[in-house]
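Computed over heavy atoms, backbone and side chain alike; hydrogens, waters and symmetry mates excluded. Note that ligands are numbered from 1 as they come in the structure, with each ligand's atoms numbered from 1 the same way.
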Amino acid sequence: MATERTLSIIKPDATRRNLTGRINALFEEAGLRIVAQKRIRLSDLQAGAFYEVHKERPFYASLVSSMTAGPVVVQVLEGEGAILKNRSVMGATDPKKAEPNTVRAQFAESIEANSVHGSDSPENAAAEIAFFFAGTEILP
Ligand code: UDP
């Protein structure tokens, strides 16, 4: 399997509860390397654009407001099959359906405040990484 990069976001519900280190440990224990990371506050415009694909969904406005409620940690994870690997470390969108020991099973508060985002395809990973990072900020 090829080395890939994926975009991860530790969401405001998790930064508020001081869980960044514990979540990062789960990534590292799974063999993912954090090759870029920054703590930022998303504007409404940024969060709205990032989740543009969900614009018509009933949860869009609430999702945008939850993503701007506090700081997020945006990061690039690198590793063998990093996109799928990260999705399995994260667990299902709805924490009630997430496998035990996944980030969402352990930490998510709800289907919306579910602690982490992770890219779901190589195309989205490339676009989402470019949304937050310049190439020079990524240090493998
Ligand atoms: N979401 C929500 N209600 C839903 C489905 C999704 O609030 O019924 C939120 C949730 O925060 C999720 C995000 O929208 O992480 C993006 O949804 P997606 O289906 O892409 O899930 P993900 O890829 O994050 O697992």
Side-chain angles (χ1 to χ4, degrees):
M1 194 173 281
T3 299
E4 291 176 338
R5 289 177 178 172
T6 191
L7 191 277
S8 166
I9 305 178
I10 300 180
K11 295 185 178 184
D13 71 272
T15 62
R16 192 187 74 244
R17 290 175 289 147
N18 209 20
L19 294 171
T20 300
R22 289 172 72 185
I23 293 172
N24 279 348
L26 294 176
F27 295 146
E28 292 182 343
E29 282 159 16
L32 293 164
R33 182 173 288 270
I34 301 162
V35 295
Q37 175 166 265
K38 55 191 172 190
R39 183 173 168 103
I40 58 173
R41 185 86 186 235
L42 295 179
S43 67
D44 279 353
L45 214 61
Q46 275 177 308
F50 186 80
Y51 279 119
E52 177 96 47
V53 62
H54 294 304
K55 207 169 171 171
E56 307 305 329
R57 310 282 288 277
F59 57 80
Y60 178 72
S62 174
L63 174 61
V64 168
S65 104
S66 83
M67 290 298 290
T68 57
V72 297
V73 175
V74 292
Q75 44 192 195
V76 180
L77 307 179
E78 185 178 87
E80 295 288 301
I83 296 165
L84 269 180
K85 185 175 278 181
N86 182 41
R87 297 289 303 185
S88 78
V89 174
M90 290 164 58
T93 310
D94 180 352
K96 292 196 215 92
K97 297 182 183 149
E99 291 289 311
N101 301 322
T102 57
V103 174
R104 284 165 166 173
Q106 291 186 68
F107 300 126
E109 293 183 318
S110 65
I111 191 169
E112 178 177 276
N114 58 4
S115 303
V116 281
H117 166 85
S119 309
D120 62 3
S121 68
E123 297 70 31
N124 287 342
E128 291 176 359
I129 290 169
F131 189 94
F132 289 110
F133 292 97
T136 50
E137 294 179 295
I138 303 170
L139 298 165

J.: Tell me, yes or no, whether the heavy-atom count around Arg16 atom CZ, taken from other residues, nucleotides or ligands under 6.0 Å, exceeds 12.
T.: yes
J.: Apply side chain to side chain contact (heavy atoms under 4.5 Å, CB included) to Arg17 and Ser115, showing your working.
T.: CA-CA 10 Å; Arg17 290 175 289 147; Ser115 303; 3.6 Å; yes
J.: Anything under 30° is parallel, anything over 60° is perpendicular, the rest tilted; go ahead and classify Phe131 against Phe50.
T.: perpendicular
J.: Does NZ or CZ of Lys38 lie under 6.0 Å from the centre of the six-membered ring of Phe133, at an angle within 45° of the ring axis?
T.: yes
J.: Knowing that exactly one of Val74, Leu19, Val73 qualifies, which makes a side-chain contact (heavy atoms from CB on, under 4.5 Å) with Ile10?
T.: Val73
J.: Please say yes or no: joined through hydrophobic side-chain contacts below 4.5 Å, possibly via intermediate residues, are Val72 and Ile34 part of one cluster?
T.: no
J.: Might you list the protein residues in contact with ligand 1, defined as having a heavy atom under 4.0 Å from one of its atoms, sorted by chain and number?
T.: Lys11, Tyr51, His54, Phe59, Leu63, Arg87, Thr93, Arg104, Ile111, Glu112, Asn114
